[in-house]
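To keep things clear, I will list the structure first and then write my remarks on it.
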Amino acid sequence: MDRELYGREAVLHDSGLVARLSGLTRHGAARVAYEHGDDPPVTVFTGGRGMGKTALLKEVRNRYKGYTPLALLDCAHVEPPADHGPGWSEVTGALTELAVQLSPKVLAAKPVQFPRLSLGLVAVASLGWSQEDDERARNDLLRLGPLLATVDATKGAAGNWVAKVLSKLAANFAEATAPMAGVLAEATVETVLEEVFGRFQRASENWYGSYRNAGGRGKAGLRQLAIDFEQGGRRRREAEDFLVGALTEDLLHAYTGLRRGTRVGRPVLLLDNAHEQLGRRLVEPILRARADGRRDRVVILATSRIREHEGLRHATRTRLPETAHRAPCPRGTSVGSGILAVELTPLSPAQTRAAFDRHDPAGRTPAELSRAVHRLTGGRPLGVALLGRAAGEAPAELRAGLTPGGLLDLTVELREDTPPVPVAPTLLAELLPVRRPGPYAVLAATHDEESARMLAHARLQAESLDGDVALRVRDRLRSEDWAVSDQASRHFVADPLLRALLLYRLRFEDADDPRYAAWRAVHETLHRHYGPEPGPYRLHHDLALGRTEEAVTHLRVTFPEQDVLGWLGRLRFVAAAPYPRERNRPGPDPRRAVALGQAPSGELPAGLDADSTELHLSVRRLLHAVWLLTDPLALPDDDVADRLAHELRRLSGRHLTGSGSLWDAATHWPRDIRAWRELSLPPGREDGV
């Protein structure tokens with residue numbers, strides 16, 4: 001069954017990017033004109049974790065498998081076989097896997113054979129074999145069975161040829177005068193040609209005559225290939241590059257050989273996590289060959305978590321929606337100009353709404369919940385999908401009061417055969433797959449590199465004996481393409497979703513509520529770091545600790561000053577503090593009652609006259625209103641937004657010089673909130689700074 005597209009129609013539609021590159025609509029239903037003729041670009045989808053790169057490749061596989069030769073490989077997870085010989089590398093292992101996936105029969109076309117690749121991999125497999133240990137040779141040869149079965153299914157899979165190869169090798173050990181790698185490779189290749197290859201396939205050997213020092217002789221090329229592979233370093237890379245060429249040559253031959261014209265479309269290689277070294281080792285030889293004028297007809301769709309990867313320096317860049325009807329990729333003089341880098345864009349609010357409707361078609365959750373989740377996740381598909389599923393599976397008694405924070409408290413059933421998993425830890429593990437997320441959770445409470453290093457020194461000294469923990473965390477976040485030390489938001493972990501998940505872990509991971517020892521220790525340390533004066537950073541951590549009166553007092557005392565925009569900025573920053581929420585707490589948010597003036601006023605500072613008392617209570621209501629309305633884990637509240645405007649207008653009438661800015665904030669800040677924007681400063685500024 002097709003998955004929901006959620007904004008990926010530009011790639012998967014019947015006239016979308018994949019159709020125009022492969023020449024086929026999904027399920028092979030119709031032919032499509034090739035957009036790039038016989039020179040399709042390597043298309044690399046870029047985006048951070050959770051942006052749907054893997055899901056997109058899997059959906060391409062689901063729609064096109066069985067209709068054109070296709071293979072999907074995760075370049076970050078090519079597992080080496082147990083006790084493999086020196087003839088195995090990540091590249092040779094990947095090529096074997098790709099060939100086996102590409103070979104099966106597809107609609108109206110014979111299986112693809114890989115005789116050239118088989119011979120090359122047979123040659124390098126012989127490295128490390130010895131007369132005393134023929135078990136290693138036997139195991140390495142048997143592992144080649146599925147690949148040789150693409151040449152002749154009956155002979156390759158049967159394995160009868162293995163004994164004959166071993167017998168011939170035994171005769172060659174004593175007679176060897178040339179380098180052993182070359183002798184064994186030649187003997188192995190000869191036996192495979194005789195025992196597995198048919199009359200027409202044996203000519204494939206000649207292709208290796210173009211290899212270094214081969215002089216047009218195929219066996220000499222295969223011998224040299226094995227010797228180069230054994231040497232390692234640059235020579236091994238040259239050998240592996242030639243083997244990549246063998247794969248594409250076999251695919252090309254399937255489309256241009258004796259039975260050409262019987263195949264429609266093009267073969268498709270799907271390479272997930274191609275930013276890894278293996279991805280480059282597979283893609284770059286193909287790019288170089290294409291730059292030299294070779295046309296292989298292979299459609300390569302890859303993904304890269306790193307948008308600014310060095311391999312994409314010369315790529316043509318575009319965004320996903322722009323590829324819906326046309327995706328130009330002009331080839332320049334550089335090899336990398338053959339890459340089309342397509343940035344995956346976040347889901348729109350409407351697409352997020354559609355995802356929630358799919359899991360909750362009856363609309364039993366709050367109407368604004370999907371939009372609030374879009375604000376929290378930034379439209380990151382993984383977050384939207386998991387939180388949407390959690391909303392659909394929420395207990396009936398909780399649905400009406402769900403908030404984004406409440407969704408993080410739930411469990412969700414990802415598969416019918418496994419127990420439900422907690423939402424917040426599961427989502428965090430997907431977005432930040434590190435062995436120990438604890439240090440990241442601690443540093444998520446900080447604001448910049450300086451405060452992160454201070455906190456790491458105070459709280460995380462045991463985490464590393466060989467370097468600065470904060471800098472190691474910073475570098476890991478950057479390597480995962482997460483923004484850090486964002487000056488606009490003044491947070492060390494700049495992404496709102498990742499920061500919210502890490503702070504959630506900091507508060508709840510130790511299961512020590514109501515003490516919340518780790519949360520309190522971190523924020524108390526930062527509170528002391530910014531003391532003793534009541535500056536905005538210190539007050540920010542006061543709120544995170546549940547203490548608001550010092551912030552209210554400071555904002556009241558500084559209210560008459562001339563710099564009203566500075567005052568509004570401090571209010572906005574202090575109120576951006578994470579709320580020390582309780583998990584699974586029923587009922588309305590406690591901040592609401594304070595913002596609406598419905599909560600008891602409590603103890604007031606001593607010595608306030610009537611006018612100062614009125615100002616103090618007004619500022620308290622305003623602070624709690626901003627704190628609630630800008631909280632990414634809460635839902636918007638129209639009554640509180642109206643009260644926010646009311647308090648700002650009252651304050652405007654009290655200020656001697658800055659009434660205009662306060663009045664503008666009363667007008668624009670509620671609009672910003674209802675439009676799901678950051679509170680703008682100056683109020684009404686379009687970029688929201």
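Position 1 is the first residue of the sequence; numbering continues from there.
Between Asp664 and Ser661, the side chains place no donor N or O within less than 3.5 Å of an acceptor N or O (distance only, hydrogens not considered). Inspection of the His309 and His275 side chains reveals no N or O donor paired with an N or O acceptor under 3.5 Å.
Few gaps surround CD on Glu614; more than 12 heavy atoms of other groups in view lie less than 6.0 Å from it. Annotation for Gln562: atom CD does not count as buried by contact number, only 12 or fewer foreign heavy atoms lying within 6.0 Å. In this structure, Gln598 places its CD atom where more than 12 heavy-atom neighbours from other residues, nucleotides or ligands lie under 6.0 Å away.
Under 4.0 Å is where a charged nitrogen must lie from a carboxylate oxygen, and between Arg538 and Glu533 no such pair does. Between Arg585 and Asp409, no side-chain nitrogen of the basic residue sits less than 4.0 Å from a carboxylate oxygen of the acidic one, so the salt-bridge criterion is not met. In this structure, Arg472 does not pair ionically with Glu463, as no charged nitrogen and carboxylate oxygen lie closer than 4.0 Å. Using a 4.0 Å cut-off between a side-chain N of Lys or Arg and a carboxylate O of Asp or Glu, Asp642 and Arg674 qualify as a salt bridge. At a threshold of 4.0 Å, the pair Glu343-Arg317 does not count as salt-bridged, since none of the basic side-chain nitrogens sits closer than that to a carboxylate oxygen. We find that Asp360 and Arg399 are not joined by a salt bridge, their nearest charged nitrogen and carboxylate oxygen being 4.0 Å or further apart.
The aromatic rings of His541 and Tyr530 sit parallel to each other, their planes meeting at less than 30°, with 60° as the upper class boundary.
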Less than 3.5 Å apart, which donor and acceptor atoms pair up between the side chains of residues 509-518 and the rest of the protein, not counting sequence neighbours?
residue	atom	partner	partner atom	Å
Asp512	OD1	Tyr516	N	3.3
Asp512	OD2	Ala517	N	2.7
Tyr516	OH	Glu582	OE1	2.5

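Not a single donor-acceptor pair under 3.5 Å links the side chain of Ser304 to the backbone N or O of Arg307.
Every pair passing ring pair (Phe, Tyr, Trp, His ring centres under 6.0 Å) that includes a residue from residues 642-661 is listed here, sequence neighbours excluded: Phe559-His655.
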